[in-house]
Engineer: 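Structure in structure tokens, see below.
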Amino acid sequence: MIVEFGHFALILALLVAAVQTVVPLIGARARDVRLMNVAEPAALAQLALLSIAFLALMHAYVTSDFSVANVAANSHSTKPMLYKISGVWGNHEGSMLLWVLILALFGAAVAAFGNNLPATLKANVLAVQASIALAFLLFILMTSDPFARLIPAPADGRGLNPILQDPALAFHPPFLYTGYVGFSIAFSFAIAALIEGRIDAAWARWVRPWTLAAWMFLTIGIAMGSWWAYYELGWGGWWFWDPVENASFMPWLAGTALVHSALVMEKREALKVWTILLAILTFSLSLMGTFILRSGVLTSVHSFAVDPERGVFILGILVLFTGGGLAMFATRAKDMRTGGLFQPVSREGTLVLNNLLLVTSAATVLIGTLYPLILEATTGDKISVGPPFFNMTFGPLMLPLLLAMPFGPLLAWKRGDLAGVAQRLAFAIVAALVLGVAAYALFNRGPWLAPFGIALGCFVMLGALTEWATRVKLGAAGMDEVVRRAINLPRASYGTLLAHFGIGLMVVGIVGTTAYQEERILVMKPGETVTVGGYDATFKGATPGRGPNYREDIAAFDITRNGAAVTKLEPSKRIYDAPPQPTTESGILASWRGDLYIVIGDEQGGSGAYAVRAYFNPLVRFIWIGSLIMFIGGGLSLADRRLRVGAPVKSRRPQIIAAE
Amino acid sequence: MRADDDVLAMIFWIAVAALAAAVTYAVTRPLMQTHQPLADASEADLAVYRDQLAEIEADVARGVVTESEAGSAKAEVGRRVLRHSGGKSDSKAATDAAAPGSLLKPIYLATSLLLPLASVGLYLAFGAPGLPGQPLSERVAAKVDGTKPDDLIAKVEARLRDHPEDGKGWEVIAPVYMAQRRFSDAASAYASAIKVLGETPPRLQGFAEARIRAENGLVPDDARKALQTVLAADPKRKEPRIWLALAKEQDGKAADAASDYRALIAEAPEDAPWRAALQDRLNRIENPGAVAGNAQSAKPNDKGPTAANIAAAEAMSPDERQAMINRMVSNLAERLKANAKDKDGWLKLIRAYQMLGRKDDAVKAVADAKAGLAGDTAALQDIDDMVKTLGVGG
Amino acid sequence: MTRKQKRGVLIGAGVATLAVAAILVMFALKDSIVFFHTPSDIAEKQIPAGQRIRLGGLVAKGSVERGEGTTVSFKVTDTLKEIPVKFTGVLPDLFREGQGVVAEGKLETTGNFTADSVLAKHDENYMPPEVKKSLEARGVKLGETAQHPDGVKKQ
């Protein structure tokens with residue numbers, strides 16, 4: 001009965017979304033408060049209903065109710081509880097339900113905390129938001145009903161794809177979707193602004209926290225996905241320029257640009273029309289990501305649902321919202337008051353550069369991702385665009401971006417003093433070059449560009465610290481003064497600092513692991529030793545083992561460094577019971593210096609010898625630590641009172657030094 | 001039992017009604033309130049600008065911006081404030097101009113009817129009302145009588161997961177898997193039984209058959225080995241010899257296969273169901289012209305479909321089988337009459353006719369296809385390619 | 001600077017960035033795309049040796065042979081033609097005879113293929129879409145795997 005109740009709640013949510021799309025829109029036109037006010041309870045009701053539906057589906061998973069087709073197809077009675085729960089969104093239907101649930105969550109958050117918004121704007125925003133929910137709920141009910149029943153129920157389920165049975169992947173989709181879907185708010189605000197034909201600095205201030213939240217979650221979601229690919233796919237790499245990875249990366253690039261352009265708009269009321277366009281594009285890229293992921297039009301290691309009918313439906317949604325949004329933009333934007341212009345050398349100027357480079361790089365990724373589709377449609381040739389394409393196009397575009405990054409926050413608004421800023425950054429520049437040389441001396445191999453890459457990453461980090469030092473007058477004022485200033489610095493400043501610092505750290509990690517990776521592939525008999533990255537790994541043979549729902553061959557490696565025992569690594573090859581599918585579990589020894597990473601392949605000819613791949617990935621941890629720091633930075637900015645979502649309108653007495 | 005179900009159904013519908021009513025009430029409540037004038041939109045904007053001014057002052061107090069920067073920033077915010085104050089009167093006018101209320105009644109009515117009625121209606125269309133959930137724990141507990149084979153299987157499977165050393169269990173479940181056409185599972189169950197209890201001809205033969213069926217009729221190496229062992233232990237068995245002959249044919253050793261088939265047919269009792277199937281195979285080998293003109297491709301993989309048919313031949317009498325194939329082909333032909341643009345369909349049909357030895361039909365189908373696909377050069381090219389590969393009409 | 005000049009700088013920067021990006025994209029596309037072929041394509045289209053391609057098809061039954069060290073040789077077939085492939089490295093988990101596979105590398109003048117990477121999809125019944133399409137276009141109907149006939153809709 002719980003299943004059926006969930007199904008009913010889902011259908012009711014669809015109708016509430018329909019009401020929420022239509023009534024507030026009419027209300028905003030007729031300027032009738034009562035009609036507009038329908039949006040608020042409707043948004044909250046939608047959240048409640050979709051929560052009921054989601055919990056009902058989760059209940060079916062937890063209790064292994066195989067009379068639900070979705071559960072039977074994706075779960076199994078022997079699966080550990082964590083994966084019974086994560087199995088809810090580990091499949092197409094469930095993940096779409098999660099998608100709309102998060103959409104409703106954002107809508108309800110605007111309804112609940114958006115008291116400071118003008119009534120018509122709020123009504124329009126919620127109406128647009130509901131129209132997105134309406135489209136996706138229709139999609140779910142028509143093509144991918146998670147509550148379809150299967151009678152008679154099969155004895156047991158088919159099981160979750162074993163490579164998805166992993167803690168990082170269990171939480172990867174919710175974060176990623178929160179990011180994707182979060183940009184829907186920026187989209188709704190943009191469309192609402194176009195409907196009202198009015199946009200100003202205040203608009204940017206209302207949109208920014210939502211965009212920032214979406215950006216944060218997308219950042220950490222992508223990082224989790226890459227971490228998972230790193231240790232679970234067993235290829236030793238952390239990013240493959242796979243279509244599905246690109247699908248999440250493009251909205252991230254556009255979203256990063258949006259966060260920055262909204263800042264210019266709030267402070268200087270410039271870039272208004274551009275920001276609107278960017279908000280539409282960012283969400284369109286999110287929708288495209290969903291389309292690529294869900295339609296399986298592009299070959300990928302991630303996509304597990306391939307169904308042309310669904311693909312066409314999502315493509316329809318994509319065309320409707322992107323096309324509709326852009327059409328509205330084309331007809332309405334020219335009527336808007338354009339913003340001011342500014343000097344090229346200024347904070348705004350660097351932010352424009354940031355936008356230009358980020359959007360262009362997103363465009364190159366888009367071309368590389370879709371080119372195989374386009375070529376196949378036009379010439380019938382089947383091709384793949386591999387990492388070299390992206391490295392050749394994306395890398396050069398990031399170079400000026402990273403170089404300019406430390407300058408931006410140090411330049412003043414309106415009119416910047418480039419020479420003065422360069423002077424302040426002198427220490428960072430020199431120190432970064434020294435570190436680059438040190439990297440060259442330390443590794444003494446690899447491409448000649450690598451030390452420059454390391455230096456660039458260090459420059460970004462040191463530049464972020466320089467900005468902080470300047471703000472707190474480090475070295476120019478007494479210690480007490482510095483501490484007082486450091487404490488009083490707004491949280492948003494720390495947010496910027498951390499986000500930029502995290503990028504720098506990530507660059508160092510990326511360059512280090514890409515340029516200096518060591519790889520050994522060989523067949524090892526028990527007792528043999530391989531040396532990689534300064535470690536000696538001795539193969540001690542493999543033994544069979546058994547987990548809750550799999551069998552495995554566990555290989556034991558004794559790891560020593562300079563003769564001293566360090567640890568034991570136990571990479572394994574698993575074969576799951578349901579579905580019967582092998583997976584590779586890597587053995588990883590993590591350290592600041594880098595990761596020792598060992599995976600085993602097949603047994604070679606029954607003599608106890610195994611194919612072994614051993615890598616040393618220098619500095620690879622920095623990639624994920626960097627993204628975690630960026631996430632925290634975003635969170636700090638969001639916690640700043642000035643950006644706080646529900647900042648009450650009434651308390652507007654300047655609280656000069658209080659509370660921060 | 002029935003009364004329980006009724007009570008459950010009643011509770012369910014009460015819950016549905018309560019949910020629909022609560023949501024409808026919540027959503028329509030604002031519509032029932034008295035009209036209020038629209039708050040001035042500028043007020044919200046002004047609040048933001050006042051906040052911005054306060055921030056600039058706070059930044060000055062912190063010393064993070066210089067006085068002159070702060071001065072110009074404040075002037076800018078001040079301009080925005082002024083602009084908004086100017087626009088006030090005009091938005092007021094708009095408020096007064098609107099005539100609220102006229103739409104309210106119909107919207108209120110529509111909403112409060114639509115939400116409950118349409119949701120229940122759609123649910124009746126999409127849902128399975130009254131169908132209780134079937135959590136695994138309840139099902140396993142409820143089915144002690146074990147009348148349902150699926151539940152029995154689940155029980156045995158659960159036991160075997162914990163006690164993989166239970167050979168008897170594997171032996172029991174293997175034929176059940178076969179009957180359910182879960183051939184891979186059957187093969188591994190037989191393999192487990194052999195591992196625990198040792199090799200016997202029936203187990204080995206079961207294993208081999210399961211493997212062959214899992215491979216759609218191809219005879220894999222492990223199945224071959226198993227069949228040879230069976231034959232060595234019990235030379236009187238017919239099935240291993242049939243499969244091994246088929247394996248030879250798949251290896252391209254047509255002559256060896258043919259002589260084996262002949263020997264088997266000679267020994268076969270009149271009423272053996274596989275006799276006709278073997279005769280059929282033999283005819284094809286001896287008379288390759290009658291079989292799909294794919295003489296150029298004697299590779300084992302090309303025999304996929306026909307080999308699979310042989311595997312299915314045991315379950316079906318030869319006549320039934322032939323009838324089924326003919327039915328499928330004529331269905332396809334019918335469909336193509338209705339839709340002559342279906343290139344893949346034509347390719348399939350031509351191939352099928354050629355395979356079945358209906359050469360005249362194949363030639364006619366080629367002509368029809370070309371007529372139907374006229375204008376589509378790519379498709380015509382494909383048809384020509386197919387004609388060449390299969391040697392239709394030759 | 002005048003308003004016009006400011007706007008000029010903005011537009012100039014935009015155009016310059018786009019131009020650079022366009023040049024990069026063009027060069028990269030020329031150098032780093034890899035064509036996908038089935039064994040029959042290779043026979044028909046006269047793919048020159050030494051060109052980097054992706055070869056897709058099924059791993060021919062009984063063709064996998066382990067050589068010295070981690071070298072493996074096998075044949076990729078689309079059931080019409082076969083191409084012998086040599087690969088040194090660790091094969092993916094799901095590499096199996098009779099299953100779909102995509103190998104990336106170069107065709108030798110001898111007609112053999114030397115792969116430097118081999119991909120098999122993380123799904124037991126997976127067939128790379130390119131392979132499936134090419135095979136179906138050639139009239140090859142892939143055997144329905146008889147593993148889950150219990151009526152559950154396949155994902």
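By convention in this document, chain letters (A, B, ...) are assigned in the order of the sequence lines, proteins followed by strands, and residues within each chain are numbered from 1. From a predicted model like this one, the values you see are computed outputs, not experimental measurements.
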Engineer: Tell me, out of A/R471, A/K473, A/R546, A/R268, who's got the most heavy-atom pairs with chain B below 4.5 Å.
Structural biologist: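 Heavy-atom pairs under 4.5 Å are most numerous for A/R268.
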
Engineer: So which of A/V3, A/L49, A/L14 has the biggest tally of heavy-atom pairs under 4.5 Å with chain B?
Structural biologist: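 Of the candidates given, the most pairs with chain B belong to A/L49.
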
Engineer: Please classify the contact between A/I52 and chain B as side chain, backbone, both or neither, with a heavy-atom cut-off of under 4.5 Å.
Structural biologist: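 Looking at A/I52, just its side chain touches chain B.
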
Engineer: Taking side chain as everything from C-beta outward and backbone as N, CA, C, O, which of these in A/A45 sits under 4.5 Å from a heavy atom of chain B? Side chain, backbone, both or neither.
Structural biologist: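 For A/A45, side-chain heavy atoms alone lie under 4.5 Å from chain B.
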
Engineer: Who among A/L44, A/T120, A/D200, A/I2 has the most heavy-atom pairs with chain B under 4.5 Å?
Structural biologist: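 Of the candidates given, the most pairs with chain B belong to A/D200.
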
Engineer: Rounded to the nearest 0.5 Å, how far does CD of B/Q52 lie from NZ of A/K267?
Structural biologist: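 A/K267 atom NZ to B/Q52 atom CD measures 6.5 Å (nearest 0.5 Å).
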
Engineer: Taking side chain as everything from C-beta outward and backbone as N, CA, C, O, which of these in B/S188 sits under 4.5 Å from a heavy atom of chain A? Side chain, backbone, both or neither.
Structural biologist: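 Neither part.
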
Engineer: Where on B/V23 is there a heavy atom nearer than 4.5 Å to chain A: the side chain, the backbone, both, or neither?
Structural biologist: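 Side chain only.
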
Engineer: Enter the distance from A/F147:CZ to B/F126:CZ here, rounded to the nearest 0.5 Å.
Structural biologist: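 One finds 13.5 Å between CZ of A/F147 and CZ of B/F126.
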
Engineer: Output the option from A/H7, A/R149, A/Q20 having the highest count of non-hydrogen pairs under 4.5 Å with chain B.
Structural biologist: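 So the answer, after comparing A/H7, A/R149, A/Q20, is A/R149.
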
Engineer: Is the shortest heavy-atom distance from the side chain of B/D45 to the side chain of A/W206 under 4.5 Å?
Structural biologist: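 Yes; the side chains approach each other to less than 4.5 Å.
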
Engineer: When only pairs under 4.5 Å are counted, which of B/L131, B/L53, B/L114 shares the most heavy-atom pairs with chain A?
Structural biologist: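 Ranked by heavy-atom pairs under 4.5 Å with chain A, first place is B/L131.
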
Engineer: Let me know if A/A148 has heavy atoms under 4.5 Å from chain B in its side chain, its backbone, both or neither.
Structural biologist: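 Contact with chain B is absent: no heavy atom of A/A148 under 4.5 Å.
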
Engineer: Which atoms form the tightest heavy-atom contact between B/A26 and A/P41, and what is the distance?
Structural biologist: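 Heavy-atom minimum between the residues: O-CB, 3.3 Å.
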
Engineer: For B/Y49, which atoms come within 4.5 Å of any heavy atom of chain A: side chain, backbone, both, or neither?
Structural biologist: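 B/Y49 touches chain A through side-chain heavy atoms alone.
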
Engineer: A/V22 versus B/I107: any side-chain heavy-atom pair under 4.5 Å?
Structural biologist: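 Heavy-atom side-chain distance check fails, nothing below 4.5 Å.
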
Engineer: By a 4.5 Å heavy-atom criterion (distance strictly below it), what part of B/V120 contacts chain A: side chain, backbone, both, or neither?
Structural biologist: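 Answer is both: backbone and side chain atoms of B/V120 are under 4.5 Å from chain A.
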
Engineer: Using a 4.5 angstrom heavy-atom cutoff, name the option from A/H59, A/E40, A/R198 with the most pairs to chain B.
Structural biologist: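 Going by pairs under 4.5 Å, I would pick A/R198.
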
Engineer: B/V27 versus A/V38: any side-chain heavy-atom pair under 4.5 Å?
Structural biologist: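 A side-chain contact under 4.5 Å exists here.
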
Engineer: At a heavy-atom separation under 4.5 Å, does A/A9 approach chain B through its side chain, its backbone, both, or neither?
Structural biologist: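 For A/A9, heavy atoms of backbone and side chain both lie under 4.5 Å from chain B.
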
Engineer: What distance do B/L104 atom CG and A/R34 atom CZ have between them, rounded to the nearest 0.5 Å?
Structural biologist: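 Between B/L104 CG and A/R34 CZ, I get 4.5 Å after rounding to 0.5 Å.
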
Engineer: Does a side-chain heavy-atom distance below 4.5 Å link A/F5 with B/L19?
Structural biologist: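 Yes. Closest side-chain heavy atoms under 4.5 Å.
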
Engineer: Atom OG1 of B/T24 and atom CG of A/L12: how far apart are they, to the nearest 0.5 Å?
Structural biologist: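 With rounding to 0.5 Å, OG1 (B/T24) is 6.5 Å from CG (A/L12).
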
Engineer: Please examine the side chains of B/S119 and A/V16, heavy atoms only from C-beta on, and report whether any two atoms are closer than 4.5 Å.
Structural biologist: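 The answer is no; the side chains never approach within 4.5 Å.
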
Engineer: Who wins among A/V68, A/V19, A/I26 for the most heavy-atom pairs under 4.5 Å with chain B?
Structural biologist: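 That would be A/V19.
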
Engineer: Is the number of heavy atoms from other residues, nucleotides or ligands within 6.0 Å of CE (B/M32) greater than 12?
Structural biologist: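 Yes.
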
Engineer: Taking C-beta and beyond as the side chain, do B/S72 and A/K414 meet within less than 4.5 Å on heavy atoms?
Structural biologist: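 B/S72 vs A/K414: side chains touch.
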
Engineer: Does A/R205 pair with B/E55 as a salt bridge, N-O distance under 4.0 Å?
Structural biologist: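 Salt bridge: yes.
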
